[in-house]
Protein chains: 2
Amino acid sequence: MNIKTIASMAGVSVATVSKIINNYSDVGEETRQRVLRIMEETGYKPSSSAKTLATKKSNLIGVVFAGKLNSDLNHPIFVKVINAFKKQIGLLGYDLLFFSNETFFQSKEDYLARCRHFQVDGCIIIAGDIIEPSVVNLARSDIPCIGIDIEIDGVNSTYLMSDNANIAAKIVEHLYMRGYREIGLLGIERNSGVILIRETAFRESLKTFGLPIRPEWIIRSVDYARDSGYRAMKGLISSGSLPQAMFAVTDHLAFGVMQAMKEHHLRIPQDMALVGCDDIDACKYTVPPLTTVRQDTDKIGRLAALMLFDMINKQINPTAVMVESELIVRESC
Amino acid sequence: MNIKTIASMAGVSVATVSKIINNYSDVGEETRQRVLRIMEETGYKPSSSAKTLATKKSNLIGVVFAGKLNSDLNHPIFVKVINAFKKQIGLLGYDLLFFSNETFFQSKEDYLARCRHFQVDGCIIIAGDIIEPSVVNLARSDIPCIGIDIEIDGVNSTYLMSDNANIAAKIVEHLYMRGYREIGLLGIERNSGVILIRETAFRESLKTFGLPIRPEWIIRSVDYARDSGYRAMKGLISSGSLPQAMFAVTDHLAFGVMQAMKEHHLRIPQDMALVGCDDIDACKYTVPPLTTVRQDTDKIGRLAALMLFDMINKQINPTAVMVESELIVRESC
DNA sequence: ATGATTTACGAAAGCGATTTCGTAAAAAGT
DNA sequence: ACTTTTTACGAAATCGCTTTCGTAAATCAT
């Protein structure tokens with residue numbers, strides 16, 4: 001069932017059918033109706049590959065998970081962003097192509113080549129632990145790209161993320177208002193991207209409030225796993241000196257802190273207050289429920305779709321956008 | 001940069017280049033090397049749409065979320081299955097095409113038409129609350145399909161799910177062994193799919209152990225939300241009679257039970273034991289940590305990829321597979 | 001050395017759309 | 001009534017790749 005069949009069924013040429021499909025004006029009304037009806041009856045849908053071949057537009061958006069650590073569909077925040085993005089971009093007529101990280105391509109990470117291979121119209125790049133050169137290549141190319149939690153620049157790309165500096169500031173302010181003066185941080189060893197922003201803003205906020213920055217209260221986890229947070233916190237506890245409050249740069253890490261505290265029969269928030277970051281589902285189920293900052297994943301995903309659409313179709317290049325987050329006060333501080 | 005460019009650069013015909021790309025045997029070794037080198041240097045990758053058009057194979061697998069309720073990337077179990085599936089299918093040379101639920105297609109749910117449009121080589125269908133006619137059409141078509149948590153039959157489709165009957169049996173057995181004799185159930189009102197299997201098996205297991213099935217201990221939530229579980233449990237509590245233990249058919253529902261219990265100052269497991277199902281992340285963070293059954297999402301995803309691959313490439317139609325799950329004993333019973 | 005077979009390659013016809021450009025018929029202008 | 005403009009449509013080239021089939025040259029058998 002192809003365009004030729006439809007054409008001969010309707011007694012017109014393929015050109016006319018094509019014009020009807022693409023809303024050209026130079027086709028008579030009754031012909032249009034007749035062909036439309038036949039297409040409806042036969043359930044005909046034009047082949048996307050033929051269309052793509054002819055037009056060089058695929059109506060496909062590539063989804064790239066940069067890096068390998070902490071960046072795939074298992075990531076609690078990114079999956080929500082993607083989901084919101086998918087909804088909005090679908091409304092705009094696009095479908096999503098998820099690149100597998102392990103295909104037949106020799107240079108597994110040659111995203112640009114893969115984008116060209118599929119002729120995606122645009123890309124959404126999800127932050128990973130590191131920014132591979134291949135991701136930079138992609139961003140610098142002529143393919144419209146929008147980065148999530150990853151600052152990429154290129155002629156045709158921009159990015160979108162939560163205002164992480166503000167997140168850290170909000171947290172410090174909240175702790176300060178609650179009377180905490182000795183505030184520690186549980187960060188990540190290989191500091192980069194949003195985590196780095198959070199830590200930097202954290203330090204600055206402490207300064208703003210005239211609070212001390214004590215190196216022994218700045219601890220680091222080797223990675224994003226709860227268990228690593230747990231181990232880092234064990235170290236701090238055995239050092240003997242606890243701050244009054246602690247900011248864990250992600251919720252999972254905060255859970256690790258909770259575990260360590262519990263094991264040592266230390267109470268939250270009495271012995272040490274705790275605040276996490278991201279507001280993943282589990283936050284409300286812990287004891288105590290975790291005070292944290294909720295990233296507006298819905299807005300991020302939606303905006304990303306809208307911005308990318310504009311980049312593709314209106315050749316306008318939106319500037320980077322920061323999305324506000326919301327402090328969720330629970331009982332951990 | 002297309003195959004013609006490569007051909008002229010190498011001083012051969014496009015046919016020869018194509019043969020090299022596709023590992024044909026009738027091409028000389030030195031020619032092969034020369035062309036290969038040029039392809040490498042120029043970073044040439046064949047266009048997928050042209051290839052798809054010519055071969056009618058796209059190396060794309062369609063991802064269909066059937067139904068609208070409780071079935072998208074936000075679903076804690078499905079997202080893990082998809083992630084595992086994506087890894088394995090990637091290894092086999094396929095990428096994933098996520099169909100948006102809201103595109104320009106008139107009949108939004110005409111999955112078969114969309115599969116043909118993109119010429120996907122196969123499909124993975126993720127269970128939803130209801131099985132739409134369009135999903136049935138797809139399954140009945142000539143496109144290889146594999147269903148997750150959804151029993152579909154068609155000439156070219158099969159399915160894969162956890163052994164939900166066994167899950168329920170395991171749970172009842174565990175509760176029995178721990179001495180509980182009065183066991184209730186928190187189910188879903190619109191009973192279908194795996195939830196129905198769980199409930200049916202639950203009832204049968206009670207019978208096997210000679211335990212009573214008391215209708216007042218069988219309660220139902222209107223949907224999958226924690227809050228709905230919470231409300232259902234509130235109803236049970238206010239009725240005055242609690243079973244000794246309760247099986248909530250999903251973890252989220254169990255969390256709702258916990259919330260209701262807490263509000264009424266009832267303790268778990270002392271006043272009533274509780275067991276959930278699925279082992280989502282949050283289970284280990286609740287107080288008490290929730291005893292539950294872990295679905296082997298990794299295995300499900302991996303097997304689904306392997307089976308689908310066989311269906312596509314070896315024309316063999318695997319039989320439906322049940323995957324074993326593991327009881328995770330924590331402190332809620 | 002001659003015929004048979006194998007090897008290495010290319011010409012050309014698809015695959016299913018889009019799009020430009022040309023043209024007959026109809027409508028409008030005078 | 002005749003020219004001009006508009007409307008409605010089609011022929012054919014094109015997009016980038018695959019695949020069949022034909023053939024010249026090289027290799028083999030005798």
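As the structure is a computational prediction, the values presented were derived from the model and not from experiment. Here is how names work: the chains are called A, B, and so on, in the same order as the sequence lines, proteins then strands, and each is numbered from 1.
Atoms NZ (B:Lys57) and P (C:dC15) sit 18 Å apart, rounded to a whole Å. Atoms OH (A:Tyr24) and C1' (C:dA17) sit 11 Å apart, rounded to a whole Å. Rounded to whole Å, atom P of D:dT19 lies 12 Å from atom CG of B:Asn23. Atoms CD1 (A:Ile20) and C1' (C:dA17) sit 15 Å apart, rounded to a whole Å. The separation between B:Arg116 atom CZ and C:dG16 atom P is 13 Å, rounded to whole Å.
Residue B:Thr31 places at least one side-chain N or O under 4.0 Å from the OP1 or OP2 atom of C:dC9.
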Which pairs, protein N/O on one side and nucleotides 10-17 of chain D N/O on the other, fall under 3.5 Å?
from: D:dG10; atom 1: OP1; to: A:Ser13; atom 2: N; distance (Å): 3.4
from: D:dG10; atom 1: OP2; to: A:Ser13; atom 2: N; distance (Å): 2.8
from: D:dG10; atom 1: OP2; to: A:Ser13; atom 2: OG; distance (Å): 3.0
from: D:dG10; atom 1: OP2; to: A:Thr16; atom 2: OG1; distance (Å): 2.4
from: D:dG10; atom 1: O6; to: A:Lys19; atom 2: NZ; distance (Å): 2.6
from: D:dC15; atom 1: O3'; to: A:Lys56; atom 2: NZ; distance (Å): 3.2
from: D:dG16; atom 1: OP1; to: A:Lys56; atom 2: NZ; distance (Å): 3.3
from: D:dG16; atom 1: OP2; to: B:Asn2; atom 2: ND2; distance (Å): 3.3
from: D:dG16; atom 1: N2; to: B:Ala50; atom 2: O; distance (Å): 3.4
from: D:dC17; atom 1: OP1; to: B:Tyr44; atom 2: OH; distance (Å): 2.5
from: D:dC17; atom 1: OP1; to: B:Ser47; atom 2: N; distance (Å): 3.0
from: D:dC17; atom 1: OP2; to: B:Ile3; atom 2: N; distance (Å): 2.2
from: D:dC17; atom 1: OP2; to: B:Tyr44; atom 2: OH; distance (Å): 3.4

Polar atoms only, N or O, under 3.5 Å: list the protein pairs with nucleotides 23-28 of chain D and their distances.
none

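Judged by distance alone, the side chain of B:Asp310 and the main-chain N or O of B:Ile316 form no donor-acceptor pair under 3.5 Å. Using a distance-only test at 3.5 Å, with no hydrogens or angles considered, no donor-acceptor pair links the side chain of B:Asn83 to the main chain of B:Val79. Side-chain N or O atoms of B:Asn59 include one that pairs as donor or acceptor with a backbone N or O of B:Gly93 at under 3.5 Å.
Within a 6.0 Å radius of NZ in A:Lys4, no more than 12 heavy atoms belonging to other residues, nucleotides or ligands are found. The neighbour count for A:Glu41 CD, taken as heavy atoms of other residues, nucleotides or ligands under 6.0 Å away, is above 12.
Applying the side-chain hydrogen bond (donor to acceptor under 3.5 Å, both in side chains) criterion to B:Arg302, with sequence neighbours excluded, gives no partner residue.
Mapped onto DNA chain C by nearest heavy atom, B:Gln119 and B:Glu29 fall at different nucleotides, with B:Glu29 at the one closer to the 5' end.
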Passes side chain to side chain donor-acceptor pair (under 3.5 Å), A:Ser48 versus B:Gln119? Steps please. CA-CA 8 Å; A:Ser48 81; B:Gln119 287 169 83; 5.6 Å; no

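Salt bridge annotation for B:Asp26-B:Lys19: present, with a cationic side-chain nitrogen under 4.0 angstrom from a carboxylate oxygen.
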